[in-house]
Asks: 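Have a look at this one.
Below, all heavy atoms of this structure are taken into account, side chains as well, without hydrogens, waters or symmetry copies. FYI, the numbering just counts along the sequence from 1.
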Amino acid sequence: MLQYRERYRPQYHFSAEHGWLNDPNGLVFFNGEYHLFYQHHPFGKTWGPMHWGHAVSKDLVHWQHLPVALYPDHLGTIFSGSAVVDWSDTSGFFGGEPGLVAIFTHSEARGQVQSLAYSTDRGRSWKKYDGNPVLTQFAQEDFRDPKVFWHEPTKQWIMVVAGGKVRIYSSPNLREWVLRSENEIWTECPDLFELAVDGDPRTTKWVLSLGGRKYYIGTFDGERFIPEIGPLPMNYGPDAYAAQTFNDEPRGRRIMISWMNNWEYANSLSSVTDPWNGTMTLPCELSLKTFPEGTRLVQRPVPELQQLRRAHRRFAGQTVRSGANPVAGLRGVQLEIIAEFETGTATEFGIKVRMGGEEETVVGYRTADHVLFLDRNRSGQALSGVYEAPMVAENSRVKMHLFIDWSSLEVFGNDGKVAITSLMFPDPASDGVEVYATGGEVNLVSLDVYELGSIWGEDETTRRKQQCSSHGGMSRLLPK
Ligand code: FRU
């Protein structure tokens with residue numbers, strides 16, 4: 001099968017079948033399905049007249065493509081927005097039944113306004129509301145990317161919407177909106193949600209996400225968000241933007257997906273990937289945790305992804321020093337690596353992936369200034385840069401959790417305290433893995449590596465075969 005096997009095609013990340021993709025939109029769970037809509041130009045590989053592409057998943061891992069949900073119309077093209085389940089039919093669109101409502105920006109030369117569309121058939125077909133637009137107050141400014149959710153304590157819909165300021169509106173019925181407050185913050189794609197602190201549901205805080213690049217922690221009373229901490233970086237890598245979290249997640253989790261790209265070069269990557277351009281990050285669960293320096297957002301890839309694990313190898317209790325690679329011969333491209341180091345005399349240590357010829361991509365830790373970094377200067381074509389995150393070792397331990405795909409690397413440090421997300425375009429043949437240390441020794445406490453299956457067109461039989469063979473010597477993951 002050729003499709004989804006093209007050069008650089010992500011094998012377990014979401015990408016459109018063809019054409020341009022940017023922001024995730026309308027993330028919502030309804031009737032057993034997670035919905036992922038996305039900014040989409042179906043007729044080109046660069047940004048153009050925006051549509052909402054659409055896919056559904058039962059497990060956040062395997063996605064089924066559905067037809068384009070929203071097309072441009074006489075009010076403009078369809079920019080970013082969100083979707084809600086209108087459980088008690090406050091909108092009056094559903095004859096008393098629950099249904100899906102999308103709240104999005106209509107964008108055109110005259111300005112940006114907020115509009116509605118609704119679906120009575122589980123998102124399979126969409127009708128634009130004939131009273132559109134429903135919110136035009138700041139049409140002359142940047143005024144876009146409404147994220148709407150139900151606020152139970154005040155029993156109303158809340159919209160957080162971006163532009164020159166972050167504005168908060170409320171509504172009883174999704175059709176009439178009243179401005180409640182403004183914050184002098186420029187962002188795109190804001191999100192606002194409540195999280196338990198340290199897993200205690202009696203102690204909660206609100207998080208205001210600025211497009212997934214930065215966040216504030218504070219309070220929200222149904223009218224006003226008051227920041228207490230921040231802004232702090234949310235992702236230290238170059239390629240996590242326009243993040244959105246799911247409404248109505250069935251287990252009450254707060255799960256986020258970002259566009260794995262950067263406006264600085266996103267359009268130019270149309271010369272690198274074909275017939276698509278644009279990928280989503282893995283879904284991550286967010287939580288708030290207290291550290292010595294204060295409360296911080298923690299993000300971890302959802303456990304559902306573990307079903308993709310195939311062949312496994314474990315290395316433990318090895319001393320790593322210059323010139324000795326304890327995982328010699330290890331290869332692979334679709335990999336998950338979980339490593340724990342105990343710092344020693346080494347000034348720098350870590351994991352090199354996608355090695356081959358002159359190419360390597362480095363995830364390293366520098367002990368002197370307590371920095372976790374991702375270096376893609378020798379990663380392959382198109383992109384470069386070194387991206388650093390401050391991360392103090394905890395009890396002399398440094399944990400690195402890596403997801404490697406054909407054109408991306410997601411790194412989570414110390415159980416999700418820091419995240420570094422990056423695209424990369426190495427030669428497909430660059431599949432070497434190395435554990436390294438310089439300036440001394442480091443103890444590799446453990447390293448687990450899993451080959452990951454594909455979410456595209458990998459049938460049950462292949463999957464079972466792969467699982468069986470993982471008990472013997474298998475595939476590219478293992479040394480010959
Ligand atoms: C963010 C963004 C949004 C806008 C959309 C247009 O990446 O610029 O502000 O709605 O993309 O595609």
Asks: Report the relative orientation of the aromatic rings in Y4 and H65; use parallel for angles under 30°, tilted for 30 to 60°, perpendicular for over 60°.
Replies: parallel
Asks: For residues S15 and G278, report the shortest heavy-atom separation together with the two atoms involved.
Replies: CB-O, 3.4 Å
Asks: Go through it in stages, so that I can follow the logic: the residues are Q39 and N25, the test is side-chain hydrogen bond (donor to acceptor under 3.5 Å, both in side chains), and I'd like the CA-CA distance, side-chain angles, deciding distance and then a yes or no.
Replies: CA-CA 7 Å; Q39 289 286 281; N25 295 151; 2.9 Å; yes
Asks: With salt bridge (Lys or Arg N to Asp or Glu O under 4.0 Å) as the rule and sequence neighbours excluded, what pairs involving residues 26-37 come up?
Replies: E33-R122, E33-R124
Asks: N395 side chain to R397 main-chain N or O, any donor-acceptor pair under 3.5 Å?
Replies: no
Asks: Using modelled atom types and a 3.5 Å cut-off, is there a donor and acceptor pairing between side-chain atoms of S107 and backbone atoms of F79?
Replies: no
Asks: Would you name the heavy atoms of R354 and S407 that are closest together and state the gap between them?
Replies: NH1-N, 4.4 Å
Asks: Using modelled atom types only, decide if a donor and an acceptor are shared between the side chain of D191 and the backbone of T245 within a distance under 3.5 Å.
Replies: yes
Asks: With a 4.0 Å cut-off on N to O distance, would you call D239 and R376 a salt bridge?
Replies: yes
Asks: Is the backbone of K45 close enough, under 3.5 Å, to the side chain of N277 for a donor and an acceptor to pair up by distance?
Replies: yes
Asks: With ring centroids as reference points, do Y387 and F373 lie under 6.0 angstrom apart?
Replies: no
Asks: Would you find a donor on one side and an acceptor on the other, under 3.5 Å apart, between the side chain of K147 and the backbone of V160?
Replies: no
Asks: Would you please classify the geometry between the H54 ring and the H35 ring as parallel, tilted or perpendicular, with 30° and 60° separating the classes?
Replies: parallel
Asks: Inspect the contact between E388 and R366 and indicate whether a charged nitrogen and a carboxylate oxygen are less than 4.0 angstrom apart.
Replies: yes
Asks: Considering all heavy atoms of both residues, which atom of S384 and which atom of N377 are nearest to each other, and what is their separation?
Replies: CB-OD1, 3.3 Å
Asks: Could you walk me through whether E410 and H401 pass side-chain hydrogen bond (donor to acceptor under 3.5 Å, both in side chains), step by step?
Replies: CA-CA 8 Å; E410 282 160 285; H401 192 171; over 6 Å; no
Asks: Check this for me, if you would: do R254 and E285 make a salt bridge, where the nitrogen-to-carboxylate-oxygen distance has to be below 4.0 angstrom?
Replies: no
Asks: Using ring pair (Phe, Tyr, Trp, His ring centres under 6.0 Å) as the criterion, point out the one residue from F220, Y215, Y216 that pairs with W206.
Replies: F220
Asks: Do you know which two heavy atoms are closest between F225 and N183, and how far apart they sit?
Replies: O-ND2, 3.7 Å
Asks: When you check the gap from the basic side-chain N to the acidic O, do E184 and K165 get nearer than 4.0 Å?
Replies: yes
Asks: Less than 6.0 Å separating the ring centroids of Y34 and F29?
Replies: yes
Asks: Could you tell me whether R9 sits above the aromatic face of W406, with NZ or CZ closer than 6.0 angstrom to the six-membered ring centre and within 45 degrees of the axis?
Replies: no
Asks: Less than 6.0 angstrom from the centroid, inside 45 degrees of the normal: does K352 satisfy that with respect to the ring of Y436?
Replies: yes
Asks: Under a 4.0 Å threshold between the charged nitrogen and the carboxylate oxygen, would R213 count as salt-bridged to E188?
Replies: no
Asks: Under a 3.5 Å cutoff, is there a donor and acceptor pairing between the side chains of D200 and T203?
Replies: yes
Asks: With rounding to the nearest 0.5 Å, note down the distance linking CG in N31 to NZ in K58.
Replies: 9.5 Å
Asks: Start with the C-alpha gap between F14 and Y38, add the side-chain angles, then the distance that decides, and say whether ring pair (Phe, Tyr, Trp, His ring centres under 6.0 Å) holds.
Replies: CA-CA 11 Å; F14 183 83; Y38 53 93; 5.4 Å; yes
Asks: Starting at CD of E434, measure out to CG of L330 and round the result to the nearest 0.5 Å.
Replies: 11.0 Å
Asks: If I compare all heavy atoms of R251 with all of E249, which pair ends up nearest, and what's the gap?
Replies: N-OE1, 2.9 Å
Asks: Return the minimal non-hydrogen interatomic distance between V298 and K289, and the atom names on each side.
Replies: CG2-CB, 3.8 Å
Asks: Under 3.5 Å, is there a donor-acceptor pair between the side chain of Q11 and the main chain of Q334?
Replies: no
Asks: Test side-chain hydrogen bond (donor to acceptor under 3.5 Å, both in side chains) on W276 and D274 and set out the steps.
Replies: CA-CA 5 Å; W276 86 101; D274 191 72; over 6 Å; no
